[in-house]
Amino acid sequence: MTTEPTEPTDSAESTAATATTTGFTADLFASDGRLKAIPRRPARRTALLDHLAATLFEPARAYTEREVNEALKTVHDDFPALRRHLVTGGQLTRTKDGSAYHRQQRTGPLAGATPTAP
């Protein structure tokens with residue numbers, strides 16, 4: 001999948017999502033702040049998911065599935081895929097019964113990796 005970088009916008013209507021994107025993810029968003037497409041390349045998808053988790057979800061708060069869906073709908077219509085990617089990517093955790101989601105604090109490149117014994 002190839003995407004052309006978008007031109008910078010001076011629009012006062014830019015949303016917080018586009019204003020806070022990094023250079024690595026900025027071209028994934030349209031001028032209205034909505035995600036154009038979910039990246040297929042793992043590094044770009046991870047950068048996007050990290051950005052979405054940081055901007056849409058507070059670290060110390062529990063979210064219902066409905067609240068996660070509503071937050072994700074603000075950026076893309078395929079919110080179930082985004083939710084699944086966030087959980088499998090380790091940006092969000094989900095209780096076994098699916099009743100609550102929490103944002104994970106990620107630090108460093110191996111944040112989602114399983115820790116090894118010293």
Side-chain angles (χ1 to χ4, degrees):
M1 178 171 120
T2 60
T3 58
E4 304 244 350
T6 58
E7 293 181 22
T9 179
D10 316 300
S11 173
E13 298 173 15
S14 291
T15 64
T18 43
T20 60
T21 56
T22 64
F24 195 59
T25 60
D27 65 324
L28 297 175
F29 291 89
S31 62
D32 65 356
R34 296 201 33 97
L35 184 61
K36 294 178 196 175
I38 300 170
R40 293 182 187 173
R41 291 192 335 222
R44 286 186 49 88
R45 186 171 50 234
T46 298
L48 169 69
L49 297 173
D50 288 345
H51 170 74
L52 293 177
T55 57
L56 296 176
F57 303 104
E58 298 173 28
R61 181 170 172 228
Y63 292 87
T64 65
E65 185 169 307
R66 172 178 260 162
E67 290 172 318
V68 171
N69 291 345
E70 290 301 317
L72 295 173
K73 282 180 189 178
T74 65
V75 293
H76 198 269
D77 291 334
D78 194 358
F79 61 91
L82 284 175
R83 186 185 65 236
R84 186 171 45 254
H85 287 309
L86 285 163
V87 171
T88 60
Q91 290 86 357
L92 292 180
T93 58
R94 177 178 53 204
T95 57
K96 283 189 177 191
D97 66 359
S99 64
Y101 290 77
H102 294 86
R103 181 177 135 201
Q104 287 294 102
Q105 291 296 96
R106 295 173 58 100
T107 57
L110 299 175
T114 304
T116 57

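In this structure, Arg61 satisfies the cation-pi test against Tyr63, with its NZ or CZ atom closer than 6.0 Å to the six-membered ring centre and inside 45 degrees of the ring normal.
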Start with the C-alpha distance between Leu72 and Leu86, add both sets of side-chain angles, then the distance that settles side chain to side chain contact (heavy atoms under 4.5 Å, CB included), and finish with yes or no.
CA-CA 10 Å; Leu72 295 173; Leu86 285 163; 3.8 Å; yes

Going through the checks in order, is the salt bridge (charged side-chain N to carboxylate O under 4.0 Å, His left out) test met by Asp77 and Arg34?
CA-CA 9 Å; Asp77 291 334; Arg34 296 201 33 97; 2.9 Å; yes

Test salt bridge (charged side-chain N to carboxylate O under 4.0 Å, His left out) on Asp27 and Arg44; report intermediate values, then the result.
CA-CA 11 Å; Asp27 65 324; Arg44 286 186 49 88; 3.1 Å; yes

For Glu67 and Phe57, what are the C-alpha separation, side-chain angles and deciding distance, and is it a side chain to side chain contact (heavy atoms under 4.5 Å, CB included)?
CA-CA 10 Å; Glu67 290 172 318; Phe57 303 104; over 6 Å; no

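Taken to the nearest 0.5 Å, the NE2 atom of His51 stands 14.5 Å off from the OG1 atom of Thr46. Note that OH of Tyr101 and CG of Leu92 are 8.5 Å apart. Values are rounded to the nearest 0.5 Å. Note that the CD atom of Glu70 and the CD atom of Glu65 stand 11.5 Å from one another [nearest 0.5 Å]. Between atom CG of residue Leu56 and atom CD of residue Gln91 there is a gap of 12.0 Å, rounded to the nearest 0.5 Å. Put simply, CZ on Arg84 and CD1 on Ile38 are 8.5 Å apart, with the number rounded to the nearest 0.5 Å. To the nearest 0.5 Å, atoms CZ (Arg45) and NE2 (His85) are separated by 5.0 Å.
Residues Leu35 and Phe29 approach most closely at N-CD2, 3.8 Å, considering heavy atoms. The minimum heavy-atom distance between Asp97 and Ser99, with the atom names listed, is OD1-OG, 2.7 Å. Taking every heavy atom of both residues into account, Val75 and Gly33 meet most closely at CG1-O, 4.2 Å.
In this structure the side chain of Pro39 reaches within 4.5 angstrom of the side chain of Leu28, judged on heavy atoms.
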